[in-house]
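Lettering of chains follows the sequences in order, A, B, ..., and the numbering in each one begins at 1. Computed from a prediction, not measured in an experiment: that's the story for all the values here.
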Amino acid sequence: MFDLNQLNPQQRQAVTHGAGPLLLLAGAGSGKTRVITCRIAHLVQQGTSPEQILAVTFTNKAAREMRERVQEMTGRNAVKGMTISTFHSLGVQILKSHIDRLGFKRNFSIYATSDQLRLVRELLREAGADSSNRDAEQMIWRISAAKNRLIDAGQYQPTLRDPLSHLVATIYPRYQKALKAYNAVDFDDLLLLTVRLLEGQSELLAHYQQRFVYQMVDEYQDTNPVQYQLLKLLAGGHKNLCVVGDDDQSIYAFRGADISNILDFEKDFPGTRIIKLEQNYRSSATILAAANQLIANNRQRRPKTLWTSSPAGYAIDYLRCEDSEDEARQVVELIHAETFRHQRKFSDFAILYRTNTQSRAFEEQLRYDNIPYVLIGGQQFFDRKEIRDLVAYLRTILNPADEVNLLRIINYPKRGIGENSIDQIIRRSAEQNAGIWQLLQQPEQFDGIGQKTLTAIAEFVALIKSYQSTFKNPLRLLDTLRQLLNELKLADEIYRQEKDPQTAQRRIENQNEILNSLGAYIERNERPSLAGFVDAISLLDADPAGKDDKEKLLSGNTVTLMSLHSSKGLEFPVVFLAGMEEGFLPHKKSLDVTCDIDEERRLCYVGITRAEQRLVLLGARQRRKHGKLELREPSRFLAELPQQLLATRQAGVPADDGEEQQEKSANQFFQQMQQLLG
DNA sequence: GCGAAGGTGTTTTTT
DNA sequence: ACACCTTCGC
């Protein structure tokens, strides 16, 4: 099991706290994951049945890790019964069993951003509005924000002085109507619909309230109103809600996270016990002092002071670099030096940045120096076009009412159903108020469509129907998917489209990787099904690792590149925090629009507190933007750090300028020579 | 119905 | 600088 004596007094109090609401204010590196997992193990040890335990996290990775760590303490069987999942997969789980009460069918599709984008652009076109990608993105963003704040399509109120909100008021209800017609929900619906379902079905709510006797929430500072409402509903029975968080690490206001959820917790749950975890076990005293002094500049916060018994360690480096390439070069040089001097592994290093696009320069330099790395975030595996195309087939097979995905593949690969025909089908569908899939079954009723196209439509319908039946056999899932890949000849299509044979090869390998992904899913699940697989990958947040990446992961020895947001909850011996410039950190958008400098400071705080032994801050003097050089100012946060702990250096002059300089001096030399001779 | 050329905007963070 | 989308021409 585990030893209570290995915990400090506050940790022990938290672990052994029994019934009643508990707020755990856990500073960075204070062992909060350990406390949650130990608390779960302790509850089981005290006789709580695993089925009665609910633990909610924000990312799949966090859920997976929690599950693993609890399993180490309680054994496999106990963990199996527990509900340890993300908010979103909890929503899926509840909706999969009960969504029919909201008028959806249980085989609903889950729309990711690209599906939403297709749908909203279509709706904008129909509404006669600008259907550019940018406006569609704005719409999705606004609808998402509304859903996060528990505002349904019918309740949405446009604001007078906000022109875009009027368009939202038109599109949002139509969007919702379309989703329902397609038997689809988006990410935010997974939470909002779950809340509405439980609110409307008291006996269902009572069932879940009785079932989950103890509820635990990690990263509580990041909950938004829907998530909070869901928690209030689920915990409303036993009120044994234990939330763990750190207001100083609240960095998701942009997706509706409400910091007052943690600041005002005891108002909603009277009698809350508050325990602070302030001892940091992660960072050197120097790094911690810098973090403390930085975050002290924030106004609204629960006062706390992290302390450590660790020695001071290294000074914090600040390297003022010339440009992006120089910044990358400095990082790689330091990685070389550190691996050599201190026998560090590549996995000891993390490179953190504010925006995903900053990764490019580092990737190039690391590749040039043959240093293995993994890139977290950015373009996700399941967001890549070739993957989405294949998944669109699976979604259509499962739920042909899902017209976004149906239309995506109806002529991909090209089978002779052209735009004109598709337009006509869509028009007919609107006129007769009938689903497209339904219309496709009787193609003879289309008068304006040629015989060739009609045959193609019939073949397409037959294809989908045939796979609908073969995919029903759970024992032949892999074979059937392999057969589908072969039959579609998607590889040929990719070769035709892609000019560069190497990228074509990569994309095909990506597509084949789905087979491995399905294989892994089948191994993990007792009752595998195509629907289960598609749901699982719809919720995935991480790249399942391509072929190259897999070898790296096996060796486990790679440098990690990721955004500051993705870095929360992780730790590394050496952290490079790149782009310490005005405009990046704090980000330009936060200055122009939201004016929330505090959140940017928290983001910086999160970055600093990832470091165990050595922290290197970097910034560039100039950067290329849209192809043009732009001068950059050092981040204001640098001035908020204790200067005596900071070792500032000008990094080397880049090779370009060096050559220019050399050329100039050479020219001068030759001119002088000529004067002398002349 | 399909490919080529030009024009546009692109870069905040995520489930 | 580049990728993506739209438009145009066949």
Side-chain angles (χ1 to χ4, degrees), chain A residues 56-63 85-92 110-113 116-117 121 125 131-137 140-141 144-145 147-148 185-192 219 222-224 226-227 250-257 324 352-360 376-380 382-383 385 411 413-423 449-450 452-453 456 496-497 499 503 537-542 562-568 579 583-594 596 599-600 602-604 606-607 623-630:
Chain A
V56 189
T57 63
F58 277 83
T59 65
N60 292 300
K61 187 157 172 281
S85 73
T86 62
F87 274 104
H88 290 86
S89 47
L90 178 66
V92 172
I110 300 165
Y111 274 13
T113 319
Q116 292 177 283
L117 214 56
R121 290 187 63 176
R125 235 191 309 273
S131 65
S132 70
N133 240 333
R134 230 189 70 226
D135 273 30
E137 268 166 26
I140 292 171
W141 210 93
S144 171
K147 288 181 179 178
N148 282 331
V185 305
D186 65 22
F187 263 110
D188 303 303
D189 285 335
L190 292 176
L191 305 177
L192 185 56
E219 308 282 9
D222 290 326
T223 47
N224 60 35
V226 201
Q227 289 161 336
S250 164
I251 53 174
Y252 284 103
F254 73 91
R255 71 172 186 210
S324 314
L352 309 182
Y353 36 76
R354 175 69 227 265
T355 67
N356 281 311
T357 48
Q358 287 173 265
S359 70
R360 213 209 72 243
I376 311 283
Q379 201 198 11
Q380 306 264 313
F382 287 99
D383 259 346
K385 186 186 173 300
N411 198 32
K414 305 239 152 64
R415 50 169 68 86
I417 308 176
E419 242 173 278
N420 286 333
S421 313
I422 293 172
D423 272 355
I449 294 181
K452 243 184 171 169
T453 310
R496 286 206 313 123
Q497 281 178 355
K499 285 163 223 145
T503 32
I537 62 178
S538 301
L539 293 175
L540 269 192
D541 56 6
M562 63 187 152
S563 70
L564 285 166
H565 281 88
S566 322
S567 76
K568 197 168 54 146
F584 269 143
L585 196 64
H587 194 273
K588 196 165 153 294
K589 279 270 159 55
S590 76
L591 300 172
D592 300 349
V593 189
T594 54
D596 197 355
E599 174 134 331
E600 297 292 307
R602 289 193 288 267
L603 210 39
C604 187
V606 166
R623 279 185 204 271
R624 231 168 256 286
K625 273 263 154 129
H626 320 309
K628 275 211 163 75
L629 274 180
E630 209 174 71

Would you call A:D222 and A:R255 a salt bridge, using N to O less than 4.0 angstrom? no
Within the structure, does a side-chain N or O atom of A:S563 lie under 4.0 Å from either OP1 or OP2 of B:dT14? yes
So what does A:S89 hit on the nucleic acid, given a heavy-atom distance under 4.0 Å: a base, only sugar-phosphate, or nothing? nothing
A:L191 CG - B:dT15 C1' separation (whole Å): 8 Å
What interatomic distance, in whole Å, is found between C1' of C:dC4 and the corresponding atom of B:dT13? 23 Å
5'-most by nearest nucleotide on DNA chain B - A:E137 or A:G416: A:G416
Taking A:S250's backbone N and O only, do any of them form a donor-acceptor pair with A:R602's side chain (distance below 3.5 Å, no angle check)? yes
How close or far is atom P of B:dT11 from atom CZ of A:F254, stated in whole angstroms? 15 Å
Could you state the atom-to-atom distance from NZ of A:K61 to P of B:dT14 in whole Å? 14 Å
Which nucleotide in B:dC2, B:dT15, B:dT14 has an atom nearest any side-chain atom of A:F187: B:dT15
Go through A:D186 and A:K147 one step at a time and tell me if the side chain to side chain contact (heavy atoms under 4.5 Å, CB included) criterion holds. CA-CA 10 Å; A:D186 65 22; A:K147 288 181 179 178; 2.7 Å; yes
Can you tell if the side chain of A:I251 reaches within under 4.5 Å of the side chain of A:L564, non-hydrogen atoms only? no
Classify A:I417 by what it touches in the nucleic acid, base, sugar-phosphate, or nothing, heavy-atom distance under 4.0 Å. sugar-phosphate
Would A:K568 and A:E219 satisfy salt bridge (charged side-chain N to carboxylate O under 4.0 Å, His left out), going step by step from the backbone distance to the final call? CA-CA 10 Å; A:K568 197 168 54 146; A:E219 308 282 9; 3.3 Å; yes
Can you see which heavy atom on A:Q227 is nearest to which on A:L191, and at what distance? CG-CD1, 3.8 Å
Side chain to side chain contact (heavy atoms under 4.5 Å, CB included) partner of A:L190, the single match among A:T86, A:V226, A:I110, A:L90: A:I110
Set out, line by line, the N/O atom pairs under 3.5 Å between protein and nucleotides 4-7 of chain C.
{"unit_1": "C:dT6", "atom_1": "OP1", "unit_2": "A:R121", "atom_2": "NH2", "d": "2.3"}

Can you tell which of B:dT13, B:dC2, B:dT15 lies closest to the side chain of A:T59? B:dT15
Checking all strands, does A:N411 fall into the base, sugar-phosphate, or nothing category for heavy-atom contacts under 4.0 angstrom? sugar-phosphate
For the ring pair A:F58 and A:F87, is the centre-to-centre distance below 6.0 Å? yes
Nearest whole angstrom, please: distance from the P of B:dT14 to the NZ of A:K147. 20 Å
Using a cut-off of 4.0 Å on non-hydrogen atoms, how would the nucleic acid contact of A:Y252 be classed: base, sugar-phosphate, or nothing? sugar-phosphate
If you compare all heavy atoms of A:F584 against all heavy atoms of A:G579, which two are closest, and at what distance to 0.1 Å? CB-O, 3.4 Å
It should be established whether A:S566 places a side-chain nitrogen or oxygen under 4.0 Å from OP1 or OP2 of nucleotide B:dT14. yes
Quantified in whole Å, what is the C1' atom distance between nucleotide C:dT6 and nucleotide B:dT11? 22 Å
Are OP1 or OP2 of B:dT14 and a side-chain N or O of A:N356 less than 4.0 angstrom apart? yes
Quickly work out the A:R624 CZ to C:dA1 P distance and round it to whole Å. 7 Å
Close N or O pairs between protein and nucleotides 8-10 of chain C (under 3.5 Å):
none

Can you tell me how far C1' of B:dT15 sits from CG of A:L90, to the nearest Å? 13 Å
Closest to the A:T355 side chain, choosing from B:dT15, B:dT13, B:dC2: B:dT13
What about the rings of A:H587 and A:F254, do their centers lie closer together than 6.0 Å? no
